[in-house]
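Excluded from the calculations below are hydrogen atoms, water molecules and symmetry mates; all remaining heavy atoms, backbone and side chain alike, are included.
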Amino acid sequence: MGPSSLYLRELAQQPNIIMRIVPRTSGASEALDGSFKVITVREGEIGYIEAATGGRLIMDADGARALRMRFDRIAAKAAPVDSTVELIEQAMEALK
């Protein structure tokens, strides 16, 4: 059991954190393109795309909507929240 796996399991058990795992068996995922955020502000939603050399803020509604849809497609392939701890523990066992 590596320290990062233990930490992930601990985080997944916190009531204020929602962690979902996209299994490898779900096929190709848009999550592999890199991390991004959809942020709700007073005026609506904006997006932020992270990159190795810096990030890019997406201020237009269409761009933010596209990121929201990307998030929804990734979430649709994710395992249910209730199985997260079990999946982490299975991965930890497989690494022994």
Pair listing, salt bridge (Lys or Arg N to Asp or Glu O under 4.0 Å) test, anchored in residues 78-92, at least two apart: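 Found R9-E89.
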Listed once per pair and sorted, the salt bridge (Lys or Arg N to Asp or Glu O under 4.0 Å) pairs that draw on residues 70-79, sequence neighbours left out: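 Passing the test, one end in residues 70-79: E30-R73.
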Side chain to side chain contact (heavy atoms under 4.5 Å, CB included) involving M19 - partner list, sequence neighbours excluded: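 Expected list: L8, L11, A12, T84, I88.
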Results of side chain to side chain contact (heavy atoms under 4.5 Å, CB included) for E43 - residues two or more places apart only: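 Side chain to side chain contact (heavy atoms under 4.5 Å, CB included) check on E43 returns V41.
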Might you point out which heavy atoms bring [X] and [Y] nearest each other, and give the distance in Å?
{"X": "A79", "Y": "L87", "value": "CB-CD1, 3.6 Å"}
{"X": "G47", "Y": "A64", "value": "N-CB, 4.2 Å"}
{"X": "I74", "Y": "F36", "value": "CD1-CE2, 4.0 Å"}

Remaining members of the apolar cluster that contains V85, side-chain heavy atoms under 4.5 Å: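 Its cluster mates, by chain and number: none.
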Between [atom1] on residue [X] and [atom2] on residue [Y], distance to nearest 0.5 Å:
{"X": "Q90", "Y": "S83", "atom1": "CD", "atom2": "OG", "answer": "8.5 Å"}
{"X": "E10", "Y": "I17", "atom1": "CD", "atom2": "CD1", "answer": "9.0 Å"}
{"X": "M59", "Y": "Y48", "atom1": "CE", "atom2": "OH", "answer": "13.5 Å"}

Qualifying residue for side-chain contact (heavy atoms from CB on, under 4.5 Å) with I46, from I39, L67, V38: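 Result for side-chain contact (heavy atoms from CB on, under 4.5 Å) with I46: I39.
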Pairs meeting criterion side-chain hydrogen bond (donor to acceptor under 3.5 Å, both in side chains) with involvement of residues 50-64, two or more places apart: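 As it turns out, the side-chain hydrogen bond (donor to acceptor under 3.5 Å, both in side chains) pairs with a partner in residues 50-64, which skip direct neighbours, are S35-E50, K37-E50, D62-R65.
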